[in-house]
Structures are given as C-alpha cells and as structure tokens.
Amino acid sequence: MTYAGNALTDIRVLEELAAKDTFVHRRHPVANLLVTLGFIVAATSYGKYELSAMLPLGLYPLFVFLDGEIPSRPILTRMLLALPLVLGVGLFNPIYDRKVIAVIAGVAVSAGWVSFLSIILRCCLTVIVALLLISVEGIVGFSAALRALKVPSILVMQLTLTFRYIHVLGEEAARMALAYRLRAPGQKGVAPRQWGPLAGQWLLRTLKRADRVFQAMLCRGYHGDLPQVKEQPFRLADLGYLLAWTAFFTTARLVNIPQAIGTLILGTGG
Amino acid sequence: MHMADALISPAVGGVMWAATAGTVAHSVRQLSKDEQFDSSKVPLMAVMGAFVFAGQMINFSIPGTGSSGHLCGGLILAAILGPHAGFLTIAAVLVVQALFFADGGLLALGCNIFNMGFFTCFVAYPFIFKPLLKKGVTPGRLVLASMLAAIIGLQMGAFGVVLETLLSGKTELPFSTFVLLMQPIHLAIGTVEGLITTALLVFMNRVAPESVTGVQTVPQAKAGLPTKAIAIVAVLALVCGGVLSWFASTYPDGLEWAMFKTAGVEDLESTEGIHEALGKVQEGTAFLPDYGFKVAEPASGAAEEAASTWPAVSGGTSLAGVVGSAITLALAGLIGFALYWSKRRKKEQASL
C-alpha cells in the first residue's frame, strides 16, 4: 500500500474506534475535550527538570485505553512517529546543560539528561491523550464539542467537511501517485516538469468535485449550516467526570505524588 | 515545522491560542462582510483543505539533491481562496493533522496555525504576493511572486517556531544555534514549496485563470490595515508570552508566590493536627528510614555553584523519587489490571 493509502487507513482506524459504547465514549464531548486540554496544560506546566512528578498523569490515558477499549498499537505507532522532532530538539539539553545534579548508584546524572527525559515523557503523554480524544469522540463528537464551546460555525464546518473530503481526494491522490509511480519506476518523487500539470489537473478535478458536492448538498437542504449529529445533554455524570479528572490533574501538578510515596516509605528526602 | 506540546509552555501556548483565535475571529468577520463570499464557498474551502492535506502525501523530487519534498499549502490556499478563507482552511487542515496524525500538539495548535497560516495568508500574501502582481498577472511575475512569498512566509514561520520554543524555556538550545539550524533548512523547504506553488499557479493561470480568485479579486487596500494591526498585536503577544514564561521558569510558581506573600515562606510547614499525625504514620511506614544515595560532590567551583542553585536535588530525594515512581507505576499497573479485569468480568457475565 502507498504512504497515502496508509495514511487514509490510519484515519479510518481512529475514527471507527469512536463508534464504541463505553463509559468514556458516553461522556459528553465537551467533558472529554476539556479533560484532554486540562491534561495537556497540566503536563506542559511542569518544570523542565521534573520527571517523576509527571508519572501519575499517566493514569488518565491508562484509564481511557482500558475503559474505552482502545487498542494501543495504532496510538503508540502514531506517537513514535511524532517523537523524532522532539528528540532532535531535546537532545541538545544533555549537550548544553551538563551540571551534575545527583549521583545514583555511582552514575552521575546531569540536569540535561533529566530535562531531556522530561521532554520525551511530556511528548508521549500529550500525543497519546490527543490521539485518545479523537479515538473516543471521532470528528463528529469533536465538532459537537467545538460548537458547544461557541467556536464559529464556519470553522467547525470547515473541519468536518475537510475531514470528509480527505477520504475522497486522498484516494484520488493515492491513485494518481500510484499511477505515476508505475509509469516512472525507480524514480524518487514526481519529476519537476510534471509538478504543475499533475497537481494542476488534480486541483481542477478537485474544484469540479467541489461544485458537484455543493449541488448535492443543496439538494439535501443545505442552507449554510450543517446539522449536528451527536447531540446529547451535559449530564451531572459528565460534570463529575470533568471535575474528578481536573482535581486529579491539579493534585498531581501541585504535589509530587511519587516523591511523597517514596518519602513515606523511606522516610528520607523530604 | 509542526511544533509539539512537549516543547512549549502553557504561557506561550495560551498566548498563541489567543492570537490565533483573534485572527480566526477577524477572518470570520471579514468573510461575513465579503459580498462575494456565499455559502457555495464553504464546500470549496473544505475541498481545497482536503486538497492541501492530500497534496502533502505526494512527494515531489528535488532536482540535484536525491531527496523529495511536499506541498505545505498556506500560500496556495490564499491565492485560490483569498487570505481570510485561506487562513480558516489551513487552520482546519492543521487541526485534522494534530488530531489524527499527532502532527503538532493541541496546546501548540495556536502556534502552528499562526506560524503556517498567519505568515503566509496575512503577511506573505498581501505584502509580497499581491503587490508583485499588482500590474497584472504574467507567468514571469507569478513565478517571482510565488517564490518570494513562499520562501519569506516560511522563513517567518520558522523564526516563529524558534521564538516560541525558546520563550517556552524547555530546550537548552542557544538562540543563535537554533536560528542557524532552523532558517537554512526552511530556506530549502521554502524553495521547494515556492517551486511547487509556482508550477501549480502557472498551470492554473494558463488552464483555468478564473479559479485563482485570490490573485484577482481581493483588493490590496482592504487587506492592508487589519493585518498590520494583527501583526503588531501578535508581536506584542509573543513578547509578553515570552517574558511571562521566563518569569514562570525563573521564579516560584503562582501558588508558591501566593504562599510566600501570605505566609512569608514558599513551603508551609505545620507541626500540628493532621500533619503531625501523618508524620507519625510516615515514621511508622518508612522501612528504610536512613537510606539514601550519596549527593554529587562538586568537583569544581562551577559545579559547587550549580549545586547551590535550583534545581537542588539531593541523593535522598532522588532515591525517594525513584522508589516513589516505581510504586506509582506499580499502582497504575494495578489500577489498570483492576479495570481490565472488571471489564472482562462484565463482558463474561453479559455473554452468559
């Protein structure tokens, strides 16, 4: 399968996961979105040398994975793909920040390595929860949450329709790319003299398709706004869910829970 | 150029979210005022967004390098749809990329939309692309305008990444090193982006000139003043965010500051009531009360100075942290197992 084909399959896999019916899936989209944002703010607000203090946050993705019955493979694969850029920037920390802050089991630990590992952990956590959000809500639930939070409808419509058309145009792009590759074996990418005609023809097809899509939408009663499919009231349980996780994130942010547990057990280091 | 959440601070992320939200609101307002913009443009914008998204899946070979690049799309969207619709469209594309491909984080979304959408749609397009085509659209002018606008737009975006990352204070990279890493690589990427955009626009202008509405219909004066104002606000916001984030990383956090102001100390201590009781519990549960690792002995003056400044980590705290982390992970594993077991049991009961 081509890269484009793989990408489209990946999108479908995450979207299909949102169709499940579990406790997390039944929560109001706004609650799930706000919990995710709260998690990300908490995770990114830790100091750059804090590592163990961040670990308790992992409870939230763990809960969503297990309760939402989300397979770990597609999420972790995506997470690994997001790591190289962060690794590239983070690797400079051990180079520039060499002050030794502790010796553990005879090994000197520099502040740079601690901050580097902290960045990696932060990256893993934030990427996973963002992917889990879409695995639980799908684009429909996510759009419903944005509408409920008074995001301009034109932007929400853009998001929904862009997502829908990605499949249509992506498949066309994958077909064109495959056809080109079959006619130009061993060639890396599209030859420069074909850039304009290839992308241009594709764009022209796109514009014509946009027109056909618009006509079809008019036939189905489109009047400038899309009806929301997933409408549900914000229940007390949703509020409780939101408050419970917010309280947990706040506690985990203000109290170094692993440090406290370690101190409680060992009676040192307080 | 997609920034990840791991490298930015909430202060910088929040400020850039606000700047992006302001630009989105401005774009929506301008589109609602635009008489030529009707509901038929909404599907067109979405299809163009999908085009740019899918266009990033096709690799274009770069002559003489053996490598390939892909379309980024900000300028092409502005040229086809106009700057306001183009900005909203690139924003939607970046949201989908962040959600489904982990290409850029959710907190960093404001930064990413601003870096890739604002600089191309509201700076490169009105101040470089449009003026160069003011005297009419010819293939030569289109090549010059597309190349310059794409390269400069991407350079500004890359500089935005440098500023936002450094102001967040997560990386130790010095400003000069980061700039020297980012700008040249994005010069190469911008050149490829410019070449692809040029090829596409030249082809479109020849085959279907009516499609390139952004080249023909958006008057220069109309887009001028608001974008200048937004640029000034954005720069101020960036500076404010950076200064705030420096304070956040250098001085105690908000809670500690408030405690210092109210109680005179950053960490409250108590010898009474529940704290004393918990202290006794701790003494009772500590099975290795005096165990700890040796603190790093400063080998030089610099190391001594480093040890006296924050973060002051002792061997004891390190051990407590490590043991506590292991216990936290074990607890998390137990909770996970309990959840898994409970769900499995429910399923088994349901299937009976």
Side-chain angles (χ1 to χ4, degrees), chain A residues 4 11 40-41 44-45 48-49 52 55 59 62 66 78 82 86 89 92-93 96-97 99-104 119 122-123 126-127 130 134 152 154 158-159 161-163 165-166 169-170 173 177 188-190 192 195-196 199-200 206 210 213-214 224 258-259 261-264 266-269, chain B residues 4-6 10 28 39-40 42-44 46-47 49-51 53-54 57-61 63 68 88 92 95-96 99-100 102 105-107 170-173 196 199-200 203-204 211 282 285-286 288-289 292-294 296 306 311 313 316-318 320-321 323-325 327-328 332 336 339-340:
Chain A
I11 288 184
I40 292 172
V41 169
T44 52
S45 68
K48 66 179 177 182
Y49 297 109
S52 64
L55 286 176
L59 195 64
L62 185 73
L66 291 167
R78 282 279 123 204
V86 174
V89 177
F92 285 91
N93 283 15
Y96 286 100
D97 190 0
K99 61 177 177 280
V100 175
I101 56 168
V103 177
I104 296 179
I119 286 175
R122 214 185 304 263
C123 177
T126 51
V127 167
I134 211 67
I154 187 170
Q158 268 306 294
L159 183 66
L161 292 177
T162 300
F163 179 77
Y165 293 153
I166 280 170
L169 297 178
K188 191 178 171 71
V190 178
W195 286 3
T206 302
V213 165
F214 179 61
Q259 188 79 53
I261 294 174
T263 306
L264 198 69
L266 301 175
T268 57
Chain B
D5 284 343
V28 170
S39 56
S40 70
V42 173
L44 174 65
V47 171
F51 171 80
F53 190 99
M57 296 171 182
I58 296 180
N59 282 323
F60 296 87
S61 64
S68 59
L88 291 180
V95 171
V96 174
L99 287 173
F100 286 89
L106 289 184
L107 183 65
K170 307 282 185 202
T171 176
E172 296 293 333
L173 263 174
I196 300 170
L200 191 54
F203 177 83
M204 291 297 289
S211 302
Q282 180 188 331
T285 53
L288 289 169
F293 282 112
K294 189 176 74 172
V313 181
T317 32
S318 296
V323 172
S325 300
I327 294 170
T328 307
L339 264 169
Y340 171 76

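Throughout, protein chains are lettered first and strands after them, A, B, ... in sequence-line order, and every chain is numbered starting at 1. Every heavy atom of this structure was used, including side-chain atoms; hydrogens, water molecules and symmetry mates were not.
Put simply, of B:Ala6, B:Ala46, B:Ala102, the one with the most heavy-atom pairs under 4.5 Å next to chain A is B:Ala46. Highest contact tally toward chain A, considering only B:Val28, B:Leu44, B:Leu173, is held by B:Leu173 [criterion: heavy-atom pairs under 4.5 Å]. Counting heavy-atom pairs closer than 4.5 Å to chain B, the top-ranked of the candidates A:Val127, A:Asp97, A:Val86 is A:Asp97.
Residue A:Ile119 holds its CD1 atom at 12.5 Å from OG1 of A:Thr44, rounded to the nearest 0.5 Å.
With sequence neighbours left out, the side-chain contact (heavy atoms from CB on, under 4.5 Å) criterion links B:Val95 to A:Phe142, A:Leu159, B:Leu99, B:Leu109. The ring-ring contact (aromatic ring centres under 6.0 Å, His included) search around A:Tyr165 returns none, not counting sequence neighbours.
Residues A:Thr126 and B:Leu106 fail the side-chain proximity criterion, which asks for heavy atoms closer than 4.5 Å.
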